Protein chains: 2
Amino acid sequence: EVLNNMARVPPLLTDLYQFTMAYAYWRAGRHQEPAAFELFFRDNPFGGGFSLFAGLHDCLLFVRSFRFTDEDVEFLRSVLPPATEPAFFQFLRGLDCSGVMLRSVPEGTVVFARVPLMEVAGPLAVVQLLETSLLCLVNYASLVCSNAARFRLAAGPRRKLLEMGLRRAQGPDGGLTASRYTHIGGFDLTSNVQAGFLFGVPVAGTMAHSYVTSFTSLEEVWPQTLVAVNGDPDPVDFISLTKGWLTRVCELLRAEHGKIREGELAAFLSYAIAYPQNFLPVIDSYSVGCSGLLNFCAVALALCELGYRPVGVRLDSGDLCRQSVDVRRVFRLCSEQFSISAFDSLIIVGTNNISEQSMAELNKKNEIDVVGVGTHLVTCTKQPSLGCVYKLVEVRGRPRMKISEDPEKSTVPGRKHVYRLIDAEGHPFLDLQCLAVEPPPEAGVSLSCYPLGCDNSSVSVTPAQVVCLRCIKHRGPTSQTHLLYGVLSHQVALSEKLHNLVTEIRRGNSNNSNFLLAN
Amino acid sequence: EVLNNMARVPPLLTDLYQFTMAYAYWRAGRHQEPAAFELFFRDNPFGGGFSLFAGLHDCLLFVRSFRFTDEDVEFLRSVLPPATEPAFFQFLRGLDCSGVMLRSVPEGTVVFARVPLMEVAGPLAVVQLLETSLLCLVNYASLVCSNAARFRLAAGPRRKLLEMGLRRAQGPDGGLTASRYTHIGGFDLTSNVQAGFLFGVPVAGTMAHSYVTSFTSLEEVWPQTLVAVNGDPDPVDFISLTKGWLTRVCELLRAEHGKIREGELAAFLSYAIAYPQNFLPVIDSYSVGCSGLLNFCAVALALCELGYRPVGVRLDSGDLCRQSVDVRRVFRLCSEQFSISAFDSLIIVGTNNISEQSMAELNKKNEIDVVGVGTHLVTCTKQPSLGCVYKLVEVRGRPRMKISEDPEKSTVPGRKHVYRLIDAEGHPFLDLQCLAVEPPPEAGVSLSCYPLGCDNSSVSVTPAQVVCLRCIKHRGPTSQTHLLYGVLSHQVALSEKLHNLVTEIRRGNSNNSNFLLAN
């Protein structure tokens with residue numbers, strides 16, 4: 001896994017201007033100046049009240065393996081301006097991140113807009129060079145992880161969720177990133193085998209329509225027999241057994257034989273004979289009511305007669321809620337009529353272009369146990385990018401601040417610690433940014449702070465508990481997230497000292513510059 | 001490059017159900033049956049009239065290197081049902097694509113909805129296993145390539161376009177794929193160094209705001225001297241020279257000294273001393289009119305005095321059109337006032353959350369020479385996924401057709417050739433799908449065909465020229481695309497024989513099935 005990830009984030013995977021800037025720093029002798037950048041986003045994605053932070057694992061692998069090969073350096077020599085001094089390329093060749101300190105919130109943490117999620121401190125030229133790659137690794141991972149969490153919130157805790165977006169993702173790695181981080185965001189399963197292989201995400205899947213349409217007649221079913229689970233070792237003619245059940249099912253449901261598709265039955269039979277304990281076909285290739293459901297029931301009843309437990313069905317088109325209710329009714333009818341209790345625990349999988357909105361609508365009357373989500377999950381159609389930025393906050397111990405005419409785009413200067421304050425009921429209610437040199441807030445002690453977006457009005461709060469948010473230094477385990485509910489009222493605030501620093505810099509900034517006159 | 005690509009598309013990067021289906025085929029002895037799938041999309045993306053096909057190069061690499069390692073097979077053993085026979089894993093271990101024939105339209109071709117872009121023929125189990133990976137490789141590549149073409153059409157042929165979306169793409173590979181295929185779609189440049197390294201895309205970029213904000217005073221500028229291009233070998237005090245120009249520029253423009261940012265000037269000076277021939281700073285870190293533009297002009301005039309040619313400026317916020325006009329006016333004024341003709345050829349780069357819509361709006365009065373596009377280009381916000389599908393069209397020489405209640409979702413059966421018909425003016429006007437066994441249409445000979453979406457009405461057409469569209473067999477060079485203009489009237493049609501086959505299968509399908517009664 002390490003090798004695989006190292007291979008995919010080479011240090012050239014960045015914007016060219018990082019190198020031209022690094023050269024200019026180097027040329028001015030500023031490349032070793034201690035500097036700190038902060039990574040954060042300005043707005044919670046999807047118009048929501050929170051985000052999940054993800055991508056840390058990949059960032060750590062990237063930082064640890066950051067090193068230019070001779071080939072990389074030769075390529076840079078060919079694209080940087082000819083004026084670039086040769087010694088700069090020797091400098092690059094010797095570079096690594098041993099002087100870089102990364103402090104981050106843990107993978108999968110619930111986070112909020114304008115809270116610095118990661119601080120990258122080290123030599124100015126080096127931390128500048130890391131910008132684009134770190135943003136690339138965090139932006140999509142956090143976005144898709146947050147999207148998954150929203151689908152999970154919409155689905156409720158009971159339903160199982162399956163990610164199946166590989167074919168619509170931004171290439172192989174987009175698909176892998178989606179599978180990995182939607183799992184952290186609350187999905188149970190993925191269809192992506194490589195994600196199972198690399199990251200241990202549980203994989204699932206059974207049958208596509210092409211499998212069904214590849215069959216035309218019962219003559220293609222082979223072998224045609226199946227041995228019962230217990231008892232008689234003699235193989236049973238599974239086709240005849242199923243045909244018998246099909247007749248009984250048609251009678252029970254007063255269905256027309258004539259509309260049943262032979263190719264579909266052949267496909268189900270063939271699959272059931274191959275995997276008698278894993279029978280979960282897609283039943284809408286032709287018509288659920290007139291063919292697919294009848295064929296499923298016949299094969300599943302035949303399996304039950306031989307002692308196997310069929311798993312369920314997949315619906316992939318039309319009104320999933322209504323169909324699932326109809327299907328469940330037929331399952332119950334079969335269970336009662338034929339005294340087959342296995343039909344009471346069949347599962348219904350729904351997969352049909354599910355969006356967060358349609359997921360929420362699934363909370364009306366339906367019988368769907370597992371929902372598969374592809375396109376809308378991995379492409380994050382509702383907002384396909386997260387605007388994480390990476391801003392300079394300190395150089396040579398001096399706080400740096402970007403002052404923009406747009407107050408939203410101004411940055412908060414200085415190196416900081418971030419604390420999450422918890423109330424007496426155990427609910428987090430505020431993320432407090434303090435200067436790194438300040439003592440941490442204490443549980444039970446009242447403090448004054450300045451919530452962001454409330455200008456100059458301070459509030460007084462008393463945390464029952466204080467958690468240091470950016471506790472991951474340079475390395476940390478990946479953990480499944482614990483979703484916070486009711487996060488909409490969460491605030492982000494600056495400590496009094498940090499607020500004073502901002503005010504001071506703004507004031508200094510408004511003094512007229514006089515360097516033209518100075519010398 | 002080959003190794004890099006091979007490493008990133010392992011054969012496990014697919015949906016689990018491809019393996020369960022492959023097993024069921026294998027178990028039924030059907031895995032070697034000759035089969036053919038077709039890859040196509042049902043609707044042109046972005047509500048447009050065409051798409052560009054891309055991703056072929058990656059597909060060919062994937063198919064050529066398709067092979068399971070022992071480790072892959074062991075992992076599959078752990079996730080497939082325990083009933084899977086051991087011999088199946090031996091079968092997988094020995095598998096490759098030597099029996100697979102891929103016929104495709106060339107990389108970067110202008111294509112249309114419902115035209116089969118790629119035919120994948122070979123042993124049923126193998127071509128089934130390729131589905132998800134091929135879709136993953138084609139879907140995003142074609143989408144982002146088409147998106148780039150739309151930006152190019154909106155920008156017109158003159159303006160240079162720079163792709164700079166790496167930090168907002170779906171991870172490292174999403175970013176690389178974007179850089180590569182937006183170039184095929186009509187972008188001139190990328191900021192992504194690795195894309196230059198791997199694929200030879202021209203790279204560009206100069207300076208970010210963080211570089212500017214990292215400077216606070218002129219004391220940080222070092223060295224402070226620059227040698228003139230020709231003539232005097234003695235270094236000139238570049239800071240003093242620039243200050244002199246700044247005073248003259250302020251006088252010319254009647255600007256206040258007091259609002260000029262010293263840190264910004266220091267950043268520009270330092271950069272210009274490092275790269276005197278490549279000076280193109282970002283000038284909106286504080287205020288374009290009150291600081292950035294003045295600082296740029298001063299440094300650029302000083303460079304000109306020493307015989308260097310400054311390149312231009314980048315605008316990254318606000319109303320790009322209006323600002324570019326203002327900036328150009330100042331450039332002209334400086335050129336006239338100071339007789340510096342280099343100021344007549346300065347370029348203006350605009351980069352500020354550009355969408356296809358805002359690109360089109362750039363066609364109103366403005367002076368922008370190069371446009372950088374990130375988020376909206378790489379995430380394809382307008383439609384973040386292309387719905388390419390992969391459908392079975394033939395098994396054992398028998399055409400297969402999916403008949404859906406939704407006529408849009410029905411497939412066209414049988415193996416085909418696709419011809420692009422060109423009219424007497426050299427304009428393509430129709431893509432004709434014929435059965436593979438039919439003779440090709442001939443130039444100058446009238447033929448009857450059935451345009452898709454017009455039901456059963458045939459039209460008669462006479463092509464002046466006929467091009468076989470899917471001419472790439474198994475391998476082909478990547479070529480820059482030639483954009484077709486006026487493609488909105490392009491039609492897609494079936495040959496008479498193919499239309500007859502569809503009719504015949506539909507008719508056969510409507511006959512009642514009687515297999516229940518048959519034996």
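A, B, ... follow the sequence lines: proteins, then strands. Residue 1 opens every chain. All values reported here derive from a predicted model rather than from experimental measurement.
- Of the two parts of Glu71(B), the backbone and the side chain both hold a non-hydrogen atom closer than 4.5 Å to a non-hydrogen atom of chain A.
- No side-chain heavy atom of Gln194(B) sits under 4.5 Å from any side-chain heavy atom of Pro11(A).
- Interface residue Ala204(B): only backbone heavy atoms are found under 4.5 Å from chain A.
- A distance of 8.0 Å separates CG of Asp15(A) from CE of Met164(B), quoted to the nearest 0.5 Å.
- Considering only residues two or more places apart in sequence or on other chains, Arg396(B) meets the salt bridge (charged side-chain N to carboxylate O under 4.0 Å, His left out) condition with Glu220(A), Glu33(B).
- No side-chain heavy atom of Phe197(B) sits less than 4.5 Å from a side-chain heavy atom of Val79(A).
- Counting heavy-atom pairs closer than 4.5 Å to chain A, the top-ranked of the candidates Thr375(B), Val212(B), Thr381(B), Leu12(B) is Leu12(B).
- Between chain A and the options Phe75(B), Phe19(B), Tyr271(B), Phe37(B), heavy-atom pairs under 4.5 Å are most frequent for Phe75(B).
- Ranked by heavy-atom pairs shorter than 4.5 Å toward chain B, the options Leu392(A), Leu166(A), Val221(A) are led by Leu166(A).
- Looking at Val144(B), there are no atoms closer than 4.5 Å to chain A (heavy atoms on both sides), in backbone or side chain.
- In summary, the side chains of Thr20(B) and Tyr211(A) do not present any donor paired with an acceptor at a separation below 3.5 Å, with no hydrogens or angles considered.
- The closest side-chain heavy-atom distance from Arg314(A) to Tyr17(B) is below 4.5 Å.
- The part of Leu386(B) that comes within reach of chain A is its backbone (N, CA, C, O), which places non-hydrogen atoms under 4.5 angstrom from that chain.
- Residues passing the side chain to side chain donor-acceptor pair (under 3.5 Å) test with Ser210(A), sequence neighbours excluded: Gln128(B).
- Put simply, the side chain of Arg30(B) gets close to the backbone of Ser214(A): a donor and an acceptor are under 3.5 Å apart.
- Ring geometry for Tyr25(B) versus Phe215(A): interplanar angle under 30°, hence parallel rather than tilted (30 to 60°).
- Between atom OG1 of residue Thr206(A) and atom CG of residue Leu16(B) there is a gap of 9.0 Å, rounded to the nearest 0.5 Å.
- Residue contact with chain A, scored on non-hydrogen atoms closer than 4.5 Å, involves the backbone and the side chain of Asn192(B) alike.
- Contact annotation for Ser179(B): neither backbone nor side-chain heavy atoms come within less than 4.5 Å of a heavy atom of chain A.
- The OG1 atom of Thr213(A) lies 6.5 Å from the CZ atom of Arg400(B); values are rounded to the nearest 0.5 Å.
- Only the backbone of Cys388(B) comes within less than 4.5 Å of a heavy atom in chain A; its side chain stays farther off.
- At distances below 3.5 Å, at least one donor-acceptor pair connects side-chain atoms of Gln170(A) with backbone N or O atoms of Val378(B).
- Under the ring-ring contact (aromatic ring centres under 6.0 Å, His included) test applied with Tyr275(A), the options Phe88(B), Tyr23(B), Trp26(B) reduce to a single match, Tyr23(B).
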